Participant: 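Have a look at this one.
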Protein chains: 2
Amino acid sequence: MSLRYAILGVLDAQPMTGYELGGFFETSANWVWSAKLSQIYPLLNTMAAEGVVDSEDEVHGRRRSTRYSITDKGRAELVDWVGSSHSLPGMRDPMLIQALYMDLLDPEQVDRVLGEYLEVMRRRVADLREHQRALVEGETDLIRARLALRPARDHARMLMMKSMVFAGLIRQCEASMAWAEDFLMASRLGGCAIGVESTPQDM
Amino acid sequence: MSLRYAILGVLDAQPMTGYELGGFFETSANWVWSAKLSQIYPLLNTMAAEGVVDSEDEVHGRRRSTRYSITDKGRAELVDWVGSSHSLPGMRDPMLIQALYMDLLDPEQVDRVLGEYLEVMRRRVADLREHQRALVEGETDLIRARLALRPARDHARMLMMKSMVFAGLIRQCEASMAWAEDFLMASRLGGCAIGVESTPQDM
DNA sequence: TCTCGCATGTAAACCGTTACATGATTAG
DNA sequence: CTAATCATGTAACGGTTTACATGCGAGA
């Protein structure tokens with residue numbers, strides 16, 4: 001249900017075609033939410049039918065494309081959604097299940113799996129920072145479009161919020177990395193529960 | 001695809017009926033993975049057909065139940081899965097999308113939404129710790145069954161790993177809470193990007 | 001000509017949740 | 001007797017991914 005609002009939020013800055021939204025959800029927005037074109041196109045059609053977006057056909061020679069823009073109804077729905085609380089989906093990290101049963105493995109295998117996990121996360125954090133830096137320098141079209149729609153006194157607050165989301169993502173990754181490092185360390189020390197305050201549970 | 005291995009991991013400690021597994025995934029295991037009976041029953045049937053679990057019918061008076069146990073094939077598949085790397089699913093936290101567009105809200109609304117989020121997370125951490133403490137005292141059937149299958153010298157390592165998973169969950173929650181508090185603070189300060197190292201990006 | 005990027009979709013499969021259906025046993 | 005718990009499922013729906021299908025336009 002969140003893709004709907006992610007899309008509305010993007011269209012609130014700038015009208016876009018489905019294809020453009022698709023590219024967007026494969027690159028920048030990919031960090032927050034991901035979606036394929038095959039999901040985006042039908043969703044845009046339903047949303048147009050519901051009247052939360054307007055569709056306008058464009059013709060370039062023999063080629064056509066449909067540009068979607070947010071309607072007042074759509075904007076109202078977005079504001080309403082952003083302003084209300086939503087139940088958080090339960091933790092669904094496969095790595096946790098793996099970790100739970102890693103006593104089935106040789107210490108070397110644990111080393112390898114956790115090591116690869118750490119490397120992936122390190123790359124992820126690097127990508128996040130790199131992406132952030134690139135944007136700080138490049139000042140994307142979208143954020144400029146967004147700022148242009150609002151008075152200058154709002155700009156600091158808007159930029160702060162967008163950047164905090166990135167900071168949050170980085171924090172999440174770092175928490176996972178710190179955990180993985182502790183796990184690795186504890187595993188290498190042969191299982192004596194060093195660094196762990198309290199001990200067992202089920203599963 | 002992970003539920004399959006979560007189930008195999010539980011059955012590796014102890015044979016169980018679908019109903020027992022269901023209760024399990026609603027309480028203890030709920031922190032790591034959740035599943036409803038309506039998903040568990042059909043999955044157990046497919047897994048039995050594939051030969052990764054054995055099913056044995058039990059009759060108590062006029063009542064029947066099917067108890068599933070892991071097979072050698074199932075154990076091999078579990079060990080194989082635990083010992084290999086799996087692509088992590090992208091971040092899918094609705095709160096991130098909300099945060100991204102919170103410049104659409106009054107500061108009071110931001111306060112309310114983030115406040116409720118923080119309260120939910122606080123309760124979650126409390127539940128996690130409470131659950132952990134309860135188990136430290138209670139020493140569940142399942143962990144005892146699991147330890148009984150393995151030599152005493154492995155016990156410390158096994159307990160360490162189970163407990164590290166809980167520690168990881170708590171860490172994740174705490175990272176989210178720290179982020180939400182920063183976000184709240186920054187929002188209250190009216191948007192001047194205090195406490196945020198680097199600034200803007202797209203979306 | 002052929003490939004790549006633009007542009008739009010459909011179909012099938014998969015995972016998960018909600019709702020519904022059924023019936024036996026046990027505790028109050 | 002009634003409600004809760006044990007026990008097993010099916011059906012429908014929603015969200016997501018993968019694979020497939022189609023066609024235009026620009027540049028090598």
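Chain A is the first sequence line, chain B the second, and so forth, proteins listed ahead of strands; every chain is numbered from 1. The model shown is predicted, which means the values in this text are computed figures rather than measured ones.
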Participant: Check the distance between C:dT8's C1' and A:Lys36's NZ and give it to me in whole angstrom.
Facilitator: 17 Å
Participant: By a strict heavy-atom criterion of less than 4.0 Å, which residues belonging to residues 37-45 of chain B are in contact with DNA chain C?
Facilitator: B:Ser38, B:Gln39
Participant: Classify the angle between the aromatic ring planes of B:His86 and B:Trp81 as parallel (below 30°), tilted (30 to 60°) or perpendicular (above 60°).
Facilitator: parallel
Participant: Could you tell me how far apart A:Tyr5 (OH) and D:dG14 (P) are, to the nearest whole angstrom?
Facilitator: 14 Å
Participant: Picking from D:dG25, C:dT17, D:dT17, which would you name as closest to the side chain of A:Ser34?
Facilitator: D:dT17
Participant: Which of these nucleotides, D:dT8, D:dT16, C:dT18, is closest to any side-chain atom of A:Leu3?
Facilitator: D:dT16
Participant: Just how far, in rounded Å, is P of C:dT25 from CZ of B:Arg64?
Facilitator: 13 Å
Participant: How many whole angstroms separate atom OH of B:Tyr19 from atom C1' of C:dT22?
Facilitator: 15 Å
Participant: Taking 4.0 angstrom as the limit, do A:Asp103 and B:Lys162 come out as a salt bridge?
Facilitator: yes
Participant: Salt-bridged, B:Arg67 to B:Glu58, with N to O below 4.0 Å?
Facilitator: yes
Participant: B:Asn30 has an atom CG; how far is it from atom C1' of C:dT17, in whole Å?
Facilitator: 14 Å
Participant: Roughly, in whole Å, what's the span from CE in B:Met91 to P in D:dT16?
Facilitator: 15 Å
Participant: Tell me which of A:His60 and A:Ser2 sits closer to the 5' end of DNA chain D, going by the nucleotide each one is nearest to.
Facilitator: A:Ser2
Participant: Looking at every non-hydrogen atom in both residues, tell me the closest pair between A:Ser65 and A:His60 and how far apart they are.
Facilitator: OG-CE1, 3.6 Å
Participant: Kindly say whether B:Ser34 contributes a backbone atom to a donor-acceptor pair with the side chain of A:Arg92 at under 3.5 angstrom?
Facilitator: yes
Participant: With under 30° as parallel and over 60° as perpendicular, where do the rings of A:Trp179 and A:Tyr117 fit, or are they tilted in between?
Facilitator: perpendicular
Participant: For the pair made of CZ in B:Arg67 and P in D:dC6, what is the distance, rounded to whole Å?
Facilitator: 13 Å
Participant: Where the side chain of A:Arg63 is concerned, which of C:dC6, D:dA7, D:dG9 is the nearest nucleotide?
Facilitator: C:dC6
Participant: Once you round it to whole Å, what is the distance between P of C:dC15 and CE of B:Met1?
Facilitator: 5 Å
